Protein chains: 2
Amino acid sequence: MARRTKAEAAATREALLDAAEEVFLAKGVAHTSLEQIARHAGMTRGAVYWHFKNKADLFQAMLGRVRMPFQELIEEVTEPSLEESPLEAIRLAILRGFERLEQPRYRRVHAILVHHCEVFGDIDPLTMQNEMADEACGALTDYFTCAARQGQLREGFSPALAAELMQALLGGLFHDWLRNHEQFSLVTKGSELVEAQLTLMRHP
Amino acid sequence: MARRTKAEAAATREALLDAAEEVFLAKGVAHTSLEQIARHAGMTRGAVYWHFKNKADLFQAMLGRVRMPFQELIEEVTEPSLEESPLEAIRLAILRGFERLEQPRYRRVHAILVHHCEVFGDIDPLTMQNEMADEACGALTDYFTCAARQGQLREGFSPALAAELMQALLGGLFHDWLRNHEQFSLVTKGSELVEAQLTLMRHP
DNA sequence: CGGCCTTTACATACATGAATGTATGCCAAG
DNA sequence: CTTGGCATACATTCATGTATGTAAAGGCCG
C-alpha cells in the first residue's frame with residue numbers, strides 16, 4: 001500500500017482501535033498479538049507501530065474513546081432538579097449510565113477492562129476500577145446526603161449506608177451484565193432493581 | 001536433587017500450588033511463566049511438568065483446592081432451622097461464606113479467578129463465574145420463596161426480586177473486596193450491608 | 001501549473017528474547 | 001534393579017521491536 005491522505009490515516013487508526021476492541025474481547029488482551037489486531041483490521045503490524053508506541057499505548061487509546069465520568073452523568077440530569085427530588089435524580093442518572101453502557105463500544109471496552117485484561121505493563125485495570133468505584137460512591141453519598149436532609153430516606157437509615165448498598169448493587173449488576181450481555185438488558189433489569197431498591201430506601 | 005519420598009513429593013506439589021497462587025495474584029496468570037512459579041517454590045520447571053501437564057492443568061488443580069458450592073453453605077446452617085426463619089438462615093449462610101472467603105487461600109484463588117486471569121487455553125473464568133452466580137441466585141430464590149410463603153417478605157415484594165437484589169449486592173461487594181481486601185473486612189462491612197438489606201426487605 | 005523534494009503512512013524484513021514442550025540424565029526410594 | 005521425582009539441556013515457536021523499503025501526499029519554487 002502507498003500513502004493515504006490525512007483523513008484516511010485517521011480512519012485506519014480508528015479501524016485499528018475497533019479491531020483491537022473485538023479481538024481483545026474475543027481472546028483476552030494478553031493473548032492477542034499486535035499482528036492479530038492488524039490483520040483483523042486489514043493492515044499489518046507496520047500500521048500499528050506507526051499509530052501507537054506499543055500494545056499498552058494502543059490500549060490506552062482504546063480506553064480514551066469511552067471516558068465516562070460518573071459526575072458528568074449526574075450533571076446531565078437537570079430535570080427534575082436535584083434540590084427538589086434527589087432520589088429521582090439519582091435514578092435518572094443511573095438510567096443514563098445504563099443507556100450509555102448498552103452502546104456496543106462502551107459495553108465492549110468496559111467488558112475488556114473488567115473481564116478480559118490483567119495487570120499489564122504500566123496498566124493496572126484494578127486501580128482504574130477502584131477509581132471508578134470511588135468516584136461513583138462519592139457522588140452517590142453526596143446525593144443520598146442531600147436526600148436525607150430533605151427527609152426522603154427511611155429514618156435510621158444513613159446516607160453512607162444507602163450509598164454503599166446502591167454502589168454494591170450497581171457493581172454486581174454491572175459485572176453480571178458485562179459477563180454475558182445477551183442474557184438480559186441492562187436498562188430493563190437494571191431499572192427494575194434500582195427502582196425497587198430506591199422504593200425500599202425511600203421514606204414511606 | 002534426588003528422589004524424595006511420597007510425602008515429600010506431595011509436599012512439593014502443594015508448594016508449587018502455593019507458589020502459583022502468590023505469583024498469579026501478583027503478576028496475573030497470563031504474564032507468569034512456569035519458570036517463575038517453579039523458582040518461587042525453590043524448584044525448577046522439571047518439577048512443574050512432572051506434577052502437572054501444563055499451565056492450564058496446574059491452574060485447574062489450584063482451583064480444585066477451594067471448591068465451595070453455595071448450597072453446601074446453606075446446608076451447614078442448621079440453627080436456626082430454615083423452616084422457621086429463612087431470612088435468618090440466609091444471613092447466616094452468607095456470613096459463613098464471608099468467613100471462608102477471608103481465609104487467605106480462598107481469597108487469593110477467587111481474586112485470581114475474578115481479577116487476574118483471562119480466557120486461557122480450555123479455561124474460561126467467565127463461564128465459571130456464571131455458574132457460581134447462577135447457583136447462588138437459584139439457592140437465594142428458593143429460600144426467599146420460602147420466606148415469602150411465611151409472610152416474612154414485605155408485601156408486593158416478589159422472592160425473585162429479593163433474590164436478584166441480594167445477588168447483585170453480594171456480587172458487587174465481593175468484587176470490591178477482592179480488588180483490595182486491605183480496604184475493609186468482608187465479614188464486618190458485608191454483615192452490615194446484608195443485615196441492612198434484609199431489614200429493608202423484611203415484612204414490618 | 002509542472003517539476004522536485006520532503007515527509008507521511010504504511011508494508012516488509014530482520015534480530016532478539018522469552019516461554020513452551022520434550023528429551024535426557026541422575027540419584028535415591030521401594 | 002526398577003521406577004519415581006525431579007534437574008538439565010535442547011529444539012521450536014511466537015511475539016516484540018526496530019530497521020529498512022516505498023509510493024504517494026503535500027508543499028515549495030520557478
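Note that the coordinates shown come from a computational prediction; the quantities given were computed from them, not determined experimentally. By convention in this document, chain letters (A, B, ...) are assigned in the order of the sequence lines, proteins followed by strands, and residues within each chain are numbered from 1.
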**Student:** Using OP1 and OP2 only, check whether a side-chain N or O of Trp50(B) sits under 4.0 Å from dC6(D).
**Tutor:**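 Answer is no, no contact under 4.0 Å.
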**Student:** Would you say a side-chain N or O of Thr12(A) is under 4.0 Å from OP1 or OP2 of dC10(C)?
**Tutor:**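 Answer yes for this pair, as a side-chain N or O of Thr12(A) is under 4.0 Å from OP1 or OP2.
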**Student:** Rounded to whole angstroms, how far apart are CD on Glu8(A) and P on dA9(C)?
**Tutor:** 11 Å
**Student:** Heavy atoms from C-beta onward define the side chain here; which of dT16(D), dG5(D), dG21(C) lies closest to that of Arg4(B)?
**Tutor:** dG5(D)
**Student:** Roughly how many Å is it from NZ in Lys55(A) to P in dC14(D), rounded to a whole number?
**Tutor:**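 Lys55(A) atom NZ is separated from dC14(D) atom P by 15 Å.
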**Student:** Just how far, in rounded Å, is C1' of dG17(D) from OH of Tyr49(A)?
**Tutor:**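 Rounded to whole Å, this separation is 5 Å.
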**Student:** Can a donor-acceptor pair be found, under 3.5 Å and without considering hydrogens, that links the side chain of Arg154(B) to the backbone of Leu200(B)?
**Tutor:** yes
**Student:** Rounding to an integer number of Å, can you tell me how far Glu35(A) CD sits from dT13(D) P?
**Tutor:**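 Taking CD of Glu35(A) and P of dT13(D), I get 16 Å after rounding.
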**Student:** Using a heavy-atom cut-off of under 4.0 Å over every strand shown, decide if Ser33(B) touches base, sugar-phosphate, or nothing.
**Tutor:** sugar-phosphate
**Student:** How far apart are the C-alpha atoms of Asp18(B) and Arg108(B), what are their side-chain angles, what is the distance that settles it, and do they pass the salt bridge (Lys or Arg N to Asp or Glu O under 4.0 Å) test?
**Tutor:** CA-CA 10 Å; Asp18(B) 290 343; Arg108(B) 279 203 300 257; 5.2 Å; no
**Student:** Distance check needed: dA9(C) C1' versus Glu14(A) CD, whole Å only.
**Tutor:**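 Checked: the CD to C1' distance equals 16 Å.
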**Student:** Please determine, for the side chain of Arg45(B), which listed nucleotide (dC10(C), dT22(C), dA11(C)) has the closest atom?
**Tutor:** dT22(C)
**Student:** Of all the choices, dA9(C), dG5(D), dG21(C), which nucleotide is nearest to the side chain of Lys6(A) once you look at every atom?
**Tutor:** dA9(C)
**Student:** Check every atom of dC10(C), dG17(D), dG26(D) against the side chain of Thr5(A) and return the nucleotide holding the closest atom.
**Tutor:**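 Within the option list, the nearest is dG26(D).
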**Student:** Report the distance from atom CZ of Arg13(B) to atom P of dG5(D), rounded to the nearest whole Å.
**Tutor:** 12 Å
**Student:** Ignoring hydrogens and angles, tell me if any N or O in the side chain of Glu102(B) forms a donor-acceptor pair with the backbone of Glu99(B) under 3.5 Å.
**Tutor:**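 It does not hold such a pair.
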**Student:** May I ask you to say whether Lys189(A) pairs ionically with Glu192(A), meaning some side-chain N is under 4.0 Å from a carboxylate O?
**Tutor:**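 Between Glu192(A) and Lys189(A) there is no salt bridge, as every charged N stays at least 4.0 Å from the carboxylate O atoms.
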**Student:** Do His115(A) and His110(A) have ring centres separated by under 6.0 Å?
**Tutor:**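 For His115(A) and His110(A), the ring centres are not under 6.0 Å apart.
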**Student:** Using atom CG of Asn54(A) as one end and atom P of dG17(D) as the other, report the distance to the nearest whole Å.
**Tutor:** 5 Å
**Student:** On the nucleotide dC6(D), are OP1 or OP2 found under 4.0 Å from the side-chain N or O atoms that His51(B) carries?
**Tutor:** yes
**Student:** Atom CZ of Arg39(B) and atom C1' of dA19(C): how far apart are they, to the nearest Å?
**Tutor:**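 Checked: the CZ to C1' distance equals 15 Å.
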